[in-house]
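Right, one structure below, let's go through it.
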Amino acid sequence: MGIRQFFSAKSTFLLLAVFPFGLSALSWDGVQPYVFSAVLIFACAALLLAHASIVKMRRYHKRLAKSEERLRLSLWGSGDELWDWRILSGELYRSSSWLKPVELTPETRDFPPNKQQIHPQDLGRVINLLNNHLNGGSAFFEATYRLRTAEGLYIWVLDRGKVVAYASNGSPSRMTGTLKNIHQLKEAEGRMQLFARCLENISDAVLVCDTQFHIIEVNPAFSSITGKNRAEVINSRFELSLYPSRFMQDIQLQLAKHGRWSGEIREQKDNGEIYQAELAFDVIKDEEGNPQQYVGVLSDITERKLREAELSRLANNDTLTGLPNRAVFMTKLASLVTIDAVHALLVFDLDNFKKINDSLGHELGDTLLCKLAQRLHTDPRYQHKLYRLGGDEFAVLLNDTNDIHTITSMAKGLLEQINRPFFISQHELAVTSSIGIVLFPDDGNDPQALLRNADTAMYHAKNDGANRYLFFNDSMNKQAVKRLQVENLIRYGLKEDYFSVFYQPKMDILTGNIVGMEALVRFITPKGGLVSPASFIPVAEETGQIVEIGAVVLRKACEDVKKWLALGLFQGRVAVNLSAKQFMLPNLCQQIDDVLEQCELPSYHLELEITEGTVMQSPKLAIDTMKKLRARGIHLAMDDFGTGYSSLAYLKQFPLNTLKIDKAFIDDMDNARGRNMVDTIVTIAHNLSLNVVAEGVETKDQLDMLRKLRCETIQGYYYSKPLSAADFAAFLADQKQRTRLTAIPG
């Protein structure tokens, strides 16, 4: 179409628009040229105006589309969800832009419209906030609450909105807003709150500093530990008053090099109180790895250090005397041996200390040890050299000397200090001591050997009369070795059953008939033959092996007597010696009951011999044990009467049946004084309604004297030496035959 045709068509259109009803009445020829031109111009203007409007409209719609796209993308990018609520109709539009959208309810009469998705615990708060806004109480509605997703999980959201339209009556009709997923923020907030509560309540002090140790923040524990409140330390520099400034500089260098520093510190509070703490600093860095702050943790270890010091004191010091204990002594001795330093060791204990404990009580004995330790410790000669090894045994360790004169002077000084009287609880105690001395390396090349040899020398000093000192020598060592050999031999003999029982008869002094016998232990080895009781009994008593030996003797004696009873050879009692260690056994009565039951021997046929020294170790306990034995029908005899130190007051309380007069008194009867002593013992026994047995009778003169003194029973070589079980059975048979012949009329 040409331009002319276009304008012709357009003109026609415009004319139709201008003259919609009268155009047919007009003829084209009748229209004047100027009218046509005006119409044409008007038409062109209208056309241009319409075109401009269309272009403008298109541009508006394009901008609107872009704006909507930007809004949509912004919401999508922010993660927010757009909602539009038609309040009157209940219609709810939600953009649901979340990757995990909430369940949509397009139209509902619930209030709020998403009521079914709100957590029950949050619903009341949301309703109150929404009503407040709808009633004009707030410019915006804003609430955080938990919202259920389509998957049934609850997430935290931030819901914000505003009324945007009102009905004719002024009530809100439309409300729009956004819903933001803040679940991660809420979790982070919860963690931050948790961390804050932890810092508030943690017992350790926490401080945050800049890189110059200026304090930025502290927690409450910082004030309780350091004694400084928050206000006075904020922006001040963290310092340790008991350390030079260089100390903090070293910490800073370590932090720069390693990123961490830790150590123990001592610090003083403003009130002068000293506390100890573990301090640790760590570097806090930014995203680029540059140090920004230091965080320090201060743990109060004052109480722990005090406990450690106390435990160390208890571990290293004797609890009674406060002196360094055996463990510290052995460590020190080992160190001197290790560096091969010459030194001397003096080991000493108190003579007869056990008697003090037994007669005056253990409490007084402990007090005596404390006073002794205090006296020696305050003497400059023994300070830092004195140790308590245990019981009443002490040691003095002299470093860097083997000089005999120096060592002898120290030993004499010890004896002088110990010999000075002690005044305790209205008692004046005069005590003595025995000292054993060894030199390194002459008397041993290890701590155990040195201590063992010092003990050996001390025991020899005690045996030589006590209240003296002795240097260790080789002969002492030989005796110690022999003692060890005997100990090992006893152990082997018990294992191989080398201990047997011999019997020595007890005879009625008037009739000459046997009334009983004493069971005596014998140690017979296949190769070595008979081992003297004087050799193995003291060692067995010292090592405690005497308890096992005593049990063997008791069992074998009861077995033999049971046989002789069954054969009709014997009707009396067998006397078995109880050692002090045996007598003190807590289960002694039960052990004896078991043996009697196993051997099927009536208790009437058993007599137990106990020495004075045994019962006087603990008289009250002894009386209780003896009463239990007597209640079983067992007879009790006090052996070696007159050689100990028993009290007549106790003697009358002991539930005894028999007193045995020691052989030493029998041997002394060849003079008047000796006879009077035996007479006195017999008289005491009879006054206490006790039988009397005289042991060690070897001559007829002794027998005649004892008969005049009204002694009932004798025991000794005059009638028989101790016999083996087989020989004693023959002796019993012979005695029975003699008794039968004596009974037959002549």
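Only a predicted model underlies this, so the values are computations on that prediction, with no experimental measurement involved. Numbering starts at 1 and runs along the sequence shown.
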Nearest 0.5 angstrom please: [X] [atom1] to [Y] [atom2], how far?
{"X": "Gln374", "Y": "Cys370", "atom1": "CD", "atom2": "SG", "result": "8.5 Å"}
{"X": "Leu179", "Y": "Asn114", "atom1": "CG", "atom2": "CG", "result": "7.5 Å"}
{"X": "Leu123", "Y": "Gln117", "atom1": "CG", "atom2": "CD", "result": "11.0 Å"}
{"X": "Ile215", "Y": "Ser236", "atom1": "CD1", "atom2": "OG", "result": "4.5 Å"}
{"X": "Leu298", "Y": "Leu207", "atom1": "CG", "atom2": "CG", "result": "7.5 Å"}
{"X": "Arg246", "Y": "Gln252", "atom1": "CZ", "atom2": "CD", "result": "10.5 Å"}

What I want to find out is whether [X] reaches [Y] closely enough, with some N-O distance under 4.0 Å, to be called a salt bridge.
{"X": "Lys620", "Y": "Asp624", "result": "no"}
{"X": "Glu264", "Y": "Arg304", "result": "yes"}
{"X": "Asp110", "Y": "Lys115", "result": "no"}

Taking all non-hydrogen atoms of both residues, which atom of [X] and which atom of [Y] are closest, and how far apart?
{"X": "Pro291", "Y": "Val283", "value": "CB-CG1, 3.8 Å"}
{"X": "Asn219", "Y": "Val206", "value": "OD1-N, 2.8 Å"}
{"X": "Ile118", "Y": "Pro112", "value": "CD1-CG, 4.1 Å"}
{"X": "Leu369", "Y": "Gly391", "value": "CD1-O, 3.5 Å"}
{"X": "Leu129", "Y": "Ala143", "value": "CD1-CB, 3.6 Å"}
{"X": "Leu82", "Y": "Gly177", "value": "CD1-O, 3.4 Å"}

For Tyr243, all residues meeting ring pair (Phe, Tyr, Trp, His ring centres under 6.0 Å), sequence neighbours excluded: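 Partners of Tyr243 under the ring pair (Phe, Tyr, Trp, His ring centres under 6.0 Å) test: Phe247.
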With Tyr275, which residues qualify under ring pair (Phe, Tyr, Trp, His ring centres under 6.0 Å), at least two apart?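 For Tyr275 there are no ring pair (Phe, Tyr, Trp, His ring centres under 6.0 Å) partners, ignoring immediate neighbours.
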Which residue pairs pass the salt bridge (charged side-chain N to carboxylate O under 4.0 Å, His left out) test with at least one member in residues 227-236, sequence neighbours excluded?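 Output for this query lists Glu217-Arg230.
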Taking only residues two or more places apart in sequence or in another chain, which ones pass side chain to side chain contact (heavy atoms under 4.5 Å, CB included) with [X]?
{"X": "Glu393", "result": "Val347, Asp349, Leu389, Asp455, Met458"}
{"X": "Leu621", "result": "Met584, Ser618, Thr625"}
{"X": "Ser335", "result": "Lys332"}
{"X": "Gln121", "result": "His119, Arg146"}

Backbone of [Y] reached by a side-chain donor or acceptor of [X] within 3.5 Å:
{"X": "Gln383", "Y": "His377", "answer": "yes"}
{"X": "Asp300", "Y": "Ile225", "answer": "no"}
{"X": "Thr338", "Y": "Ala334", "answer": "yes"}

Evaluate the side chain to side chain donor-acceptor pair (under 3.5 Å) criterion for residues Ser223 and Asn229: first the C-alpha distance (whole Å), next the side-chain angles of each, then the deciding distance (0.1 Å), finally the verdict. CA-CA 5 Å; Ser223 299; Asn229 60 53; over 6 Å; no
Taking C-beta and beyond as the side chain, do [X] and [Y] meet within less than 4.5 Å on heavy atoms?
{"X": "Ile265", "Y": "Gln276", "answer": "no"}
{"X": "Leu134", "Y": "Met175", "answer": "yes"}
{"X": "Val328", "Y": "Asn325", "answer": "yes"}

For residues [X] and [Y], is any side-chain donor paired with an opposing acceptor at under 3.5 Å?
{"X": "Thr176", "Y": "Asp84", "answer": "no"}
{"X": "Asp594", "Y": "Gln590", "answer": "yes"}
{"X": "Glu267", "Y": "Thr226", "answer": "no"}
{"X": "Gln292", "Y": "Asp286", "answer": "yes"}

Sequence neighbours excluded, every pair satisfying ring-ring contact (aromatic ring centres under 6.0 Å, His included) that has a member inside residues 293-337: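 Sorted result for residues 293-337: Phe213-Tyr294, Phe329-Tyr387.
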Go through the steps for Thr149 and Glu151 under the test side chain to side chain donor-acceptor pair (under 3.5 Å), then give the verdict. CA-CA 5 Å; Thr149 68; Glu151 297 175 347; 4.7 Å; no
If you draw a 6.0 Å radius around NZ in Lys269, do more than 12 non-hydrogen atoms from other residues or ligands fall strictly inside?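 Yes - once you tally the heavy atoms of other residues, nucleotides and ligands closer than 6.0 Å, there are more than 12.
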Counting only heavy atoms not in His258, do more than 12 sit closer than 6.0 Å to its NE2 atom?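 Atom NE2 in His258 is crowded, with more than 12 foreign heavy atoms closer than 6.0 Å.
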Quick test of your reading: applying side chain to side chain donor-acceptor pair (under 3.5 Å), list the pairs with at least one residue in residues 128-138, sequence neighbours left out, ordered by first then second residue. none
Side chain to side chain donor-acceptor pair (under 3.5 Å) contacts in which one or both residues fall within residues 153-162, not counting sequence neighbours: Trp83-Asp159, Glu142-Arg160, Tyr145-Asp159
I'd like to check the salt bridge (Lys or Arg N to Asp or Glu O under 4.0 Å) partners of Glu239; sequence neighbours left out, ordered by chain and number. Arg237
Partners of Lys186 by salt bridge (Lys or Arg N to Asp or Glu O under 4.0 Å), sequence neighbours excluded?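 Salt bridge (Lys or Arg N to Asp or Glu O under 4.0 Å) list for Lys186, sorted by chain: Glu189.
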For the pair Trp85 and Phe111, name the ring-plane relationship: parallel under 30°, tilted 30 to 60°, perpendicular over 60°.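 Trp85 vs Phe111 ring planes: tilted.
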Would you check, one step at a time, whether the test side-chain contact (heavy atoms from CB on, under 4.5 Å) holds for Val55 with Arg59? CA-CA 6 Å; Val55 171; Arg59 288 177 179 172; 3.6 Å; yes
